[in-house]
Amino acid sequence: MPRLMPEDASLLLDHVVGDPSVPAAAANAALAALPFPSRPTPRLLRASLLRRLAADPVSAAALDSLQLLASLPSSPSPAAPAAAAAAAAHLAVAAYLAVSAPDFDAAAGALFGRPGGRARRAVEEGGAAALASDEADAVADQFEAAVGNSFSQTVLRGLWGDRAAAEERVRELLAVEWAAIGQSRLEMAAERIVGDGAIETWRAADEVTRAKYRLLAGEQRAREIEGKLGETIPQGNQISTPEVHKVMDALKSSCANLHSVVEDPLPAAKAAADEVLAARMDKAVDLNAGEVSNQPTACDIAGPSAPADNLDAPRKGTAASLMDWNPTARTFQWEDSPDPDGSRSPIHRPQLPSPRRTTFSPLQPADNKAKRRKARKWCALEEETLRKGVEQYGNGNWKDILTNNPDVFIGRKAMDLKDKWRNMMR
DNA sequence: GATTGGGTTAAAT
DNA sequence: ATTTAACCCAATC
């Protein structure tokens with residue numbers, strides 16, 4: 001058995017750490033067990049940052065990760081949703097750090113002050129393109145202006161002081177990023193050898209290499225590919241002894257074992273992406289519905305959908321708000337209001353510039369038919385986690401089980417957990 | 001909003 | 001053709 005070379009370690013980490021269905025614990029174990037490559041693949045670098053963010057989504061270190069992530073060369077498709085999610089997460093974390101710091105003035109200055117503020121630099125020209133936006137500029141200005149102004153600080157705390165909201169922005173970014181992370185080097189190689197590109201690859205291979213391909217592809221697939229090559233399988237070249245058969249069987253079963261352990265990450269990633277897109281489209285539709293009643297075809301019209309919607313001040317409670325009757329109007333409302341009875345006239349509310357929103361157009365808004373998700377088989381880890389979850393949180397508490405295992409149940413809904421449990425109990 | 005029972009779809013046998 | 005697993009819907013709490 002040859003020693004594990006650094007390139008091999010790099011390939012393995014690229015495959016495992018970059019696979020969203022591999023739980024954090026397993027990825028960390030792999031990272032601890034193998035030398036981290038001196039020149040990691042972009043995918044591995046990205047995945048490492050994502051996992052670091054997942055473990056610690058709202059902190060100074062997270063802000064670093066977010067900025068680093070934005071400075072990486074973008075994934076295969078530099079999708080607009082990804083950039084929007086990155087900008088929203090970065091802004092939410094930076095703003096939360098500022099408002100939650102013991103010394104607002106110092107923190108806001110360090111983060112948003114001109115010219116050297118950490119977050120300011122990231123969102124301005126010359127910083128990461130993905131993080132730049134009019135909204136980010138506006139918020140940076142707000143924070144800068146709030147230094148020494150306790151009233152503005154109160155407003156900003158109300159707007160940005162919800163840690164859970166900031167974390168949610170980061171989780172949304174993680175979902176988008178994982179969905180776009182693409183194939184590992186190993187998967188691409190596998191694709192070339194047994195997938196669509198097989199014919200060309202096999203044609204170019206010499207007989208020794210092709211023999212290896214045959215082992216990797218399995219007997220049946222190899223026959224298919226060689227059939228398409230228009231060549232007969234050279235029986236004469238095959239050594240046929242019981243020993244060779246034993247070795248081949250062993251290889252095949254270890255291959256099968258590998259397949260059963262290493263889940264294809266793409267379906268989960270696709271599901272996660274669909275999830276995010278669907279959630280956004282739902283929001284768009286809901287806004288339209290609330291605004292224009294009795295208009296069944298309203299979904300066809302591009303509405304005021306806004307992915308940055310939840311960047312709003314956390315609006316808890318049921319107090320009536322201007323937002324209730326005029327969705328385009330903006331008002332501030334904060335939890336730690338000094339007059340909880342609401343007796344103060346709105347005229348006294350501070351006049352900070354409202355964060356601007358970038359309009360977001362979901363793909364294919366015309367197709368309102370919510371299409372059925374493609375059925376994706378449950379892997380052993382999911383089943384085991386579900387079993388443990390029912391034990392721990394109780395039968396029926398699907399939401400708890402789901403939200404406490406976000407790494408495992410990627411693209412699943414609470415309802416799916418219920419259905420799966422029903423199947424498992426049959 | 002979360003959960004549930006009953007129903008539909010499509011893959012597997 | 002039948003069975004099974006994953007997914008969806010609408011009622012209910």
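Chain naming here is simple, since letters A, B, ... match the order of the sequence lines and numbering starts at 1 in each. Everything numeric here is computed off the predicted structure, so don't read it as measured data.
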(Q) Go through it in stages, so that I can follow the logic: the residues are K420(A) and E382(A), the test is side-chain contact (heavy atoms from CB on, under 4.5 Å), and I'd like the CA-CA distance, side-chain angles, deciding distance and then a yes or no. (A) CA-CA 10 Å; K420(A) 179 62 188 179; E382(A) 285 180 300; over 6 Å; no
Whole-Å gap separating [atom2] ([N]) and [atom1] ([X]):
X       : N       : atom1 : atom2 : value
D416(A) : dC8(C)  : CG    : C1'   : 9 Å
K418(A) : dG6(B)  : NZ    : P     : 10 Å
M415(A) : dG5(B)  : CE    : C1'   : 13 Å
L417(A) : dC7(C)  : CG    : P     : 11 Å
R422(A) : dC7(C)  : CZ    : C1'   : 10 Å
N423(A) : dT8(B)  : CG    : P     : 17 Å
D419(A) : dA10(B) : CG    : C1'   : 15 Å
K374(A) : dA11(B) : NZ    : P     : 5 Å

Q | Non-hydrogen atoms of M424(A) and L386(A) that approach each other most closely | A | SD-CD2, 3.8 Å
Q.
Tell me the closest heavy-atom pair linking A61(A) and D56(A), and the distance in Å.
A. CB-OD2, 3.9 Å
Show me the side-chain donor-acceptor pairs of residues 393-403 of chain A shorter than 3.5 Å, one per line, residues at least two apart or across chains.
from    : atom 1 : to      : atom 2 : distance (Å)
Y393(A) : OH     : N404(A) : ND2    : 3.4
N397(A) : ND2    : Y393(A) : O      : 2.4
T403(A) : OG1    : K399(A) : O      : 2.8
T403(A) : OG1    : D400(A) : O      : 3.3

For [X] and [N], is the shortest distance between a side-chain N/O and OP1 or OP2 below 4.0 Å?
X       : N      : answer
K420(A) : dA6(C) : yes
R412(A) : dC7(C) : yes
R373(A) : dC8(C) : yes

**Q.** hbond_proxy R426(A) side chain to dT4(C) base (donor-acceptor, 3.5 Å cutoff)
**A.** no
Q: Give a yes-or-no answer on whether the side chains of T385(A) and N405(A) include a donor-acceptor pair shorter than 3.5 Å.
A: no
Q | Check ion pair D416(A)-K413(A) (N to O, under 4.0 angstrom) | A | no
Q: Ignoring the backbone of A414(A), work out which of dG6(B), dT8(B), dT3(B) is nearest its side chain.
A: dT3(B)
Q.
Angle between ring planes, F143(A) versus W160(A), binned at 30° and 60°: parallel, tilted or perpendicular?
A. tilted
Q) Heavy atom of residues 390-403 of chain A under 4.0 Å from DNA chain B: which residues? A) G396(A), N397(A), W398(A), K399(A)
